[in-house]
Amino acid sequence: MAIDCITSMHPIPIMPQPSNQEIKEQDQHPLVFDASVLRHQLHIPSQFIWPDEEKACLDEPELQVPFIDLGGFLSGDPLAAAEASRLVGEACQKHGFFLVVNHGIQQQLISDAHLYMDHFFALPLSHKQRAQRMPGEHCGYASSFTGRFSSKLPWKETLSFQYSARNNSPTLVKDYLCDKMGKEFHQFGNVYQDYCEAMSNLSLGIMELLGMSLGVGRAYFREFFEENSSIMRLNYYPPCQKPDLTLGTGPHCDPTSLTILHQDQVGGLQVCVDNEWHSIKPVFNAFVVNVGDTFMALSNGRYKSCLHRAVVNSETTRKSLAFFLCPRSDKVVSPPCELVDHLSPRLYPDFTWPMLLEFTQKHYRADMKTLEAFTNWLQRKSTHSNFDSHIK
């Protein structure tokens with residue numbers, strides 16, 4: 001990937017590194033997030049305890065998120081498409097979150113995706129670790145972030161894998177899962193291959209609505225993402241006996257372009273709007289959609305990437321399916337000319353998605369200021385490169 005590891009540029013917040021004493025202690029007693037054990041513990045490890053100012057209230061007021069009916073849009077009704085794009089635009093200007101219904105995704109496929117997620121996370125830890133996520137990578141199984149960070153760890157397990165909409169990668173998801181977990185995961189892989197394809201198609205439809213709402217036409221962003229190289233993530237949040245001390249996922253904005261989330265019925269997703277936290281009620285026949293940092297840059301800041309988090313509870317496991325739409329690796333993230341003028345100058349430099357991805361994997365822990373930190377870092381890299389070229 002394009003970004004090399006740096007050690008001398010320190011003006012931006014760098015990922016917290018464990019002290020020598022912490023490293024020594026971890027070598028002696030390595031921290032492992034084993035949900036089958038930790039879900040019953042009354043005293044949770046200190047690494048999972050968040051600072052008082054970041055701890056969540058488990059009973060936040062519900063956010064009134066608009067329901068976007070895609071039925072008319074998907075059937076080709078121009079009036080329905082115009083109304084859907086208007087509602088999408090309003091939501092993206094306010095907070096970047098909305099729900100879509102009548103989306104055309106088969107209910108059986110959604111149910112199967114949840115069922116196979118249950119099967120995977122019910123496996124013994126040693127079996128799940130066949131797909132262990134390696135340092136610096138974004139795919140594979142992760143039991144919390146125990147291998148990456150030493151504090152403010154999320155109370156969750158995840159399984160992430162790459163999806164490609166390019167014609168030369170029709171079985172990428174299935175092949176990856178079978179390679180990591182064994183041939184007995186063939187049907188498991190088929191389900192998520194089909195699910196990712198359905199999410200990719202739904203994403204492209206939503207991109208048409210976003211293009212219409214921004215005045216650049218329905219084809220612009222659809223074409224930009226047609227050969228997307230995206231990420232699918234299965235999230236598993238086990239019960240915690242002290243849920244007021246920890247978080248399932250800390251406050252952050254997604255660095256990706258668009259997130260399509262399907263929640264189970266437990267609840268736990270919270271969104272920050274006007275400096276106040278709100279919950280988003282689960283609706284099983286709806287998908288939660290939100291804009292990410294990459295699309296915020298593509299829209300030249302017109303649409304905001306929204307701060308959100310996930311909380312856990314003491315009684316019930318929470319699960320969610322997250323599809324993160326990302327552009328093809330060689331696509332340059334640059335806003336269309338219609339969104340740039342003397343009143344709206346360029347806010348962010350050109351970049352490619354792999355550059356931002358590597359930044360979040362090796363240099364910066366994603367939070368509410370990821371895009372700002374990434375922009376500053378790119379500008380500093382550019383300044384150093386120009387200086388090096390000049391003195392040569």
Side-chain angles (χ1 to χ4, degrees), residues 2-3 12 66 68 81-82 84-98 203-230 252-260 271-275 289-308 324-360 364 366-383:
I3 291 183
I12 63 173
I68 314 296
S85 68
R86 181 186 69 81
L87 293 172
V88 165
E90 288 181 358
C92 290
Q93 289 174 339
K94 288 179 181 178
H95 45 64
F97 268 80
F98 55 93
S203 298
L204 296 180
I206 294 171
M207 278 297 161
E208 290 187 37
L209 295 176
L210 288 168
M212 293 169 64
S213 68
L214 285 166
V216 300
R218 62 191 296 168
Y220 187 90
F221 293 123
R222 180 185 180 92
E223 292 175 356
F224 188 85
F225 287 99
E226 270 185 337
E227 293 188 325
N228 64 84
S229 180
S230 298
H252 70 286
C253 297
D254 293 336
T256 48
S257 299
L258 193 74
T259 302
I260 302 182
V271 178
C272 188
V273 180
D274 298 328
N275 296 317
V289 182
N290 69 273
V291 167
D293 288 339
T294 301
F295 193 82
M296 184 173 170
L298 268 177
S299 71
N300 199 33
R302 303 285 182 94
Y303 288 171
K304 308 300 181 185
S305 183
C306 188
L307 183 66
H308 57 285
F324 300 104
L325 180 71
C326 309
R328 200 178 67 199
S329 60
D330 60 346
K331 287 280 190 179
V332 176
V333 177
S334 182
C337 60
E338 292 92 334
L339 303 182
V340 181
D341 55 37
H342 67 285
L343 296 177
S344 302
R346 281 290 299 273
L347 296 179
Y348 310 102
D350 288 353
F351 62 91
T352 62
W353 163 241
M355 296 167 68
L356 178 54
L357 175 62
E358 186 156 342
F359 180 73
T360 61
Y364 193 85
D367 59 14
M368 68 290 291
K369 296 182 179 179
T370 303
L371 186 57
E372 177 185 344
F374 177 62
T375 298
N376 292 338
W377 185 62
L378 284 180
Q379 291 171 341
R380 289 189 177 93
K381 278 180 64 70
S382 177
T383 299

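None of these values were measured; they are calculated from a predicted model.
- Between D293 and L371 the shortest heavy-atom distance is O-CD2, 3.6 Å.
- In terms of modelled atom types and a separation under 3.5 Å, the side chain of S85 and the main chain of A82 share a donor-acceptor contact.
- Pairs engaging residues 86-97 under the side chain to side chain donor-acceptor pair (under 3.5 Å) rule: E83-R86, R86-E90 [sequence neighbours left out].
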Practice prompt. Mind running side-chain contact (heavy atoms from CB on, under 4.5 Å) on L214 and Y220 for me, showing each step along the way?
Written response: CA-CA 10 Å; L214 285 166; Y220 187 90; over 6 Å; no
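- Nearest heavy-atom pair, T370 versus A366, reported as atom, atom and distance to 0.1 Å: OG1-CA, 3.3 Å.
- Residues Y303 and M296 approach most closely at O-CG, 3.2 Å, considering heavy atoms.
- A pairwise comparison of heavy atoms in L307 and H252 identifies CD1-N, 3.4 Å as the closest pair.
- By the salt bridge (Lys or Arg N to Asp or Glu O under 4.0 Å) test, E226 pairs with R222, sequence neighbours left out.
- Inter-residue side-chain proximity for P354 and S329 is flagged as met; some heavy-atom pair is nearer than 4.5 Å.
- Put simply, the side chain of M355 does not reach to within 4.5 Å of the side chain of F359, judged on heavy atoms.
- Atom NZ of K304 is separated from atom OG of S299 by 7.5 Å, given to the nearest 0.5 angstrom.
- Counting heavy atoms from C-beta outward, L325 and I260 have side chains that stay 4.5 Å or more apart.
- No side-chain heavy atom of W377 sits less than 4.5 Å from a side-chain heavy atom of Y364.
- Of all heavy-atom pairs spanning L209 and V88, the tightest one is CD1-CG2, 4.2 Å.
- One finds the OG atom of S213 at 10.5 Å from the CG atom of L87 (value rounded to the nearest 0.5 Å).
- The shortest non-hydrogen separation linking P327 to W353 is CG-CB, 3.8 Å.
- Under the 3.5 Å distance criterion, the side-chain polar atoms of T259 are left unmatched by any main-chain donor or acceptor of V289.
- Applying the side-chain contact (heavy atoms from CB on, under 4.5 Å) criterion to R328, with sequence neighbours excluded, gives R166, E227, D330, K331.
- Remark: S203 pairs with no residue by the side-chain hydrogen bond (donor to acceptor under 3.5 Å, both in side chains) rule, at least two apart or across chains.
- In this view, F98 satisfies the ring-ring contact (aromatic ring centres under 6.0 Å, His included) rule with no residue, not counting sequence neighbours.
- Rounding to the nearest 0.5 angstrom, the gap separating the OG atom in S334 from the CZ atom in F351 is 9.5 Å.
- A distance of 8.0 Å separates OG1 in T256 from CG in L258, rounded to the nearest 0.5 Å.
- Rounded to the nearest 0.5 Å, atoms OG (S257) and CE (M207) are 5.5 Å apart.
- For P335, the side-chain contact (heavy atoms from CB on, under 4.5 Å) partners two or more places apart in sequence, or in a different chain, are N300, V340, R346.
- Taking OH of Y348 as the reference point, atom CG of L298 lies at 11.5 Å (rounded to 0.5 Å).
- For the pair T360 and P255, the minimum side-chain heavy-atom distance is below 4.5 Å.
- Between F97 and H308, the angle of the ring planes goes over 60°, which puts this pair in the perpendicular group of the 30/60° scheme.
- Side-chain contact between C306 and V291: absent, with no pair of heavy atoms (C-beta onward) separated by less than 4.5 Å.
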